[in-house]
Amino acid sequence: MTQAIQQEQTQPSRKALLEVNHLQKYFPIRGGLLSRVVANVKAVDDVSFNVARGEVVGLVGESGSGKTTVGRAILRLIEPSAGEVWFDGVDITKLSKAEMRTYRRKMQIIFQDPFASLNPRMTVSDIIGEALEIHKLASGSAKTDRIAQLLEKVGLRPESMRRYPHEFSGGQRQRIGIARALAVDPSFIVADEPVSALDVSIQAQVVNLIQDLQKEMGLTMLFIAHDLAVVEYLCDRVIVMYLGRIMEVATSKELYLNPKHPYTEALLSAAPIADPTLKRERIILQGDIPSPINPPSGCVFRTRCRYAVEACAKEIPPLREVAPGHFKACVRDDIL
């Protein structure tokens, strides 16, 4: 992707709070007696995008496409192998651990698994209050009042702060996780599939809660998900990833009405339609997602694409604009 195209596709109408440039994350594979690096798992390979202030951007794709790795690398929960992450005008990949602490308060995460993400040995008060103490935001009665306010904000009773995680349902645990993320008044949140581990009846409640809190607090959010219906409902723009690379970027409405990339077309064909009278052509992708250790040459999706031609194997297609605000990484213009 050229610098000009990258800046064009990643610049929304509002000033970007987060700018990700050429992000890479490789996990080394070691072998032999000397434990040398013999290969790399290319989990994220040259990903660039922006998120505007107050915007909710969805990040979708199959399992193994690199979505969670992108979210954690942005927050430096895992260190990027290469690239830049500009947050509010500062490249946080260059910051020391001490300097990064200030930005930890501004950037938070809601984890996917509400059962594994809460310490079973800590009460709700300790779980939420820990961040307040680390960042010296409140102590004593002020901390207790703040925890009670956060619990009420996410739909739990203040008395819940004295209980342990095992005393709550999955949906209630996720509400506690959301309260923990909000405790330090962040401006940016990575929501890593926050409803995928919940019952369908509970998912809508948590999604509506996240939407209400986002609007109320003006949060900027990267929402990682498998459920395309949830992404369409919640997100302003959508980024489609496959095998560590971005395939398509568009507004939610445009992407769902007029997908331009064959992979997006296949994903949408698998999404259920609420109206039983409507029919949609089901596109079955052949085979499994290739190994990120040895991805296909050229377009990484070509081995499963029904429109693939010889040119698809020769070069990595750049992300280019095919309609106003709509970008795809595909060599073919004669499809979709």
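Below, all heavy atoms of this structure are taken into account, side chains as well, without hydrogens, waters or symmetry copies.
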- Item | Non-hydrogen atoms of V300 and Y242 that approach each other most closely | O-CE2, 3.4 Å
- Between F115 and I202, is there a shared hydrophobic cluster once you connect ILVMFWY residues whose side-chain heavy atoms come closer than 4.5 Å? no
- Message: Main chain of G298, side chain of K314: is a donor-acceptor contact present, judged purely on distance under 3.5 Å?
- Response: no
- Item | L268 and L228: CA distance, side-chain angles, deciding distance, side chain to side chain contact (heavy atoms under 4.5 Å, CB included) verdict | CA-CA 7 Å; L268 292 175; L228 297 175; 3.8 Å; yes
- Query: Charged N to carboxylate O under 4.0 angstrom, D126 versus R162?
  - Reply: no
- Message: Are S81 and K25 packed together at the side-chain level, in the sense that at least one heavy-atom pair is separated by less than 4.5 angstrom?
- Response: yes
- Query: Would you call R180 and F111 a side-chain contact if the rule is heavy atoms closer than 4.5 Å?
  - Reply: yes
- Side-chain heavy atoms under 4.5 angstrom apart, residues restricted to Ile, Leu, Val, Met, Phe, Trp, Tyr: same cluster for V240 and I289? yes
- Note on the structure: Heavy-atom nearest pair, G83 first then T93, reads O-OG1, 3.9 Å
- Item | side-chain contact (heavy atoms from CB on, under 4.5 Å) partner of V249, the single match among N50, I239, L255, V57 | I239
- Of all the heavy-atom pairs spanning V41 and P292, show the shortest one and how long it is. CG1-CG, 3.7 Å
- Message: Just by distance, no angles: are the side chains of N21 and S48 close enough, under 3.5 Å, to form a donor-acceptor pair?
- Response: no
- Test side chain to side chain donor-acceptor pair (under 3.5 Å) on D88 and Y103 and set out the steps. CA-CA 10 Å; D88 203 12; Y103 288 86; over 6 Å; no
- Here the gap from I224 atom CD1 to D192 atom CG, rounded to the nearest 0.5 Å, amounts to 4.5 Å
- Can you find a heavy atom in the side chain of I74 that is under 4.5 Å from one in the side chain of F188? yes
- Query: Under a 4.5 Å cut-off applied to non-hydrogen side-chain atoms, are T69 and I78 in contact?
  - Reply: yes
- Going only through I, L, V, M, F, W and Y residues with side-chain contacts under 4.5 Å, is there a path from L75 to V90? yes
- Query: Are Y263 and L285 close enough, and set up right, to give a side chain to side chain contact (heavy atoms under 4.5 Å, CB included), and what steps lead you there?
  - Reply: CA-CA 9 Å; Y263 180 56; L285 294 179; 4.2 Å; yes
- Task: Verify, without hydrogens or angle tests, whether Q211 (side chain) and N208 (backbone) share a donor-acceptor contact under 3.5 angstrom.
- Result: no
- Item | Path from L234 to L209 over hydrophobic side-chain contacts below 4.5 Å | yes
- Task: Can you measure from NZ (K215) to CG (D212) and round to the nearest 0.5 angstrom?
- Result: 7.0 Å
- Message: With heavy-atom distances below 4.5 Å as the criterion, would you say the side chains of P165 and N119 are in contact?
- Response: no
- Message: Any carboxylate oxygen within less than 4.0 angstrom of a Lys/Arg side-chain nitrogen, looking at R146 and D185?
- Response: yes
- Task: Any chance you could measure I210, atom CD1, to M221, atom CE, to the nearest 0.5 Å?
- Result: 6.0 Å
- Message: When you compare the side chains of Q112 and S196, does any donor N or O come within less than 3.5 Å of an acceptor on the partner?
- Response: yes
- Ignoring hydrogens and angles, state whether a donor on the side chain of R302 or S297 is under 3.5 Å from an acceptor on the partner side chain. yes
- Exercise: do E193 and H226 side chains pair donor with acceptor under 3.5 Å: yes
- Item | R332 side chain near V309 side chain, heavy-atom distance below 4.5 Å | yes
- Query: Given E265, which of R306, K328, K260 fulfils the salt bridge (Lys or Arg N to Asp or Glu O under 4.0 Å) condition?
  - Reply: R306
- Any donor-acceptor pair under 3.5 Å from E315 side chain to A311 backbone: no
- Within 6.0 angstrom of E159 CD, more than 12 heavy atoms from elsewhere: yes
- With a 4.0 Å cut-off, would you call K253 and E232 a salt bridge? no
- Task: Mind running side chain to side chain contact (heavy atoms under 4.5 Å, CB included) on I293 and K42 for me, showing each step along the way?
- Result: CA-CA 6 Å; I293 300 174; K42 299 177 181 179; over 6 Å; no
- Query: Does the side chain of Y307 pick up a donor-acceptor pair with the side chain of D334 at under 3.5 Å?
  - Reply: no
- Message: Tell me whether S65 contacts the main-chain N or O of L243 through its side chain, where contact means a donor paired with an acceptor under 3.5 Å.
- Response: no
- E99 and K94, any side-chain heavy atoms less than 4.5 Å apart: no
- Message: Give me the atom names and distance for the closest heavy-atom approach of I147 to S125.
- Response: CD1-O, 3.4 Å
- Task: For the pair R304 and E62, find out whether any cationic side-chain nitrogen is under 4.0 Å from an anionic carboxylate oxygen.
- Result: yes
- N/O donor-acceptor pair under 3.5 Å between R30 side chain and S35 backbone: yes
- Message: For L23 and F49: C-alpha separation, side-chain torsions, deciding distance, then whether side chain to side chain contact (heavy atoms under 4.5 Å, CB included) applies.
- Response: CA-CA 9 Å; L23 184 68; F49 63 91; 5.9 Å; no
- Message: How long is the straight-line distance from CD of Q149 back to CG of L182, given to the nearest 0.5 Å?
- Response: 12.5 Å
- Message: Does any part of the side chain of I246, heavy atoms only, come nearer than 4.5 Å to the side chain of D46, both counted from C-beta?
- Response: no
- Query: Is R320 salt-bridged to D333, cutoff N-O under 4.0 Å?
  - Reply: yes
- Take K136 and E133, measure what salt bridge (Lys or Arg N to Asp or Glu O under 4.0 Å) needs, and give me the verdict at the end. CA-CA 5 Å; K136 298 180 172 60; E133 293 178 356; over 6 Å; no
- Item | Any donor-acceptor N or O pair under 3.5 Å, side chains S201, D199 | no
- Task: Could you grab the distance from atom CD of Q174 to atom OG of S117, nearest 0.5 Å is fine?
- Result: 6.0 Å
- What heavy-atom pair brings L222 and G71 nearest, and what distance separates the two atoms? CD2-CA, 4.5 Å
- Assess R163 against F168: is NZ or CZ under 6.0 Å from the centre of the six-membered ring, and within 45 degrees of the ring's axis? yes
- Item | Shortest non-hydrogen separation from D236 to G54 and the atoms involved | OD2-O, 4.3 Å
- R282 atom CZ: more than 12 heavy-atom contacts under 6.0 Å: yes
- Going by atom types alone, do H135 and T102 pair a side-chain donor with an acceptor below 3.5 Å? no
- Message: Nearest 0.5 angstrom please: E55 CD to Q214 CD, how far?
- Response: 9.5 Å
- Task: Report the relative orientation of the aromatic rings in H261 and F301; use parallel for angles under 30°, tilted for 30 to 60°, perpendicular for over 60°.
- Result: tilted
- Task: Indicate, with yes or no, if L77 and V85 share a hydrophobic cluster defined by side-chain heavy-atom contacts under 4.5 Å among Ile, Leu, Val, Met, Phe, Trp and Tyr.
- Result: yes
- Task: For R76 and L95, indicate whether the former's side chain and the latter's backbone hold a donor-acceptor pair under 3.5 Å.
- Result: yes
- Task: State whether the side chain of E254 and the backbone N or O of T251 hold a donor-acceptor pair below 3.5 Å, judged by distance alone.
- Result: no
- Between T264 and E248, does any side-chain donor sit less than 3.5 Å from a side-chain acceptor? yes
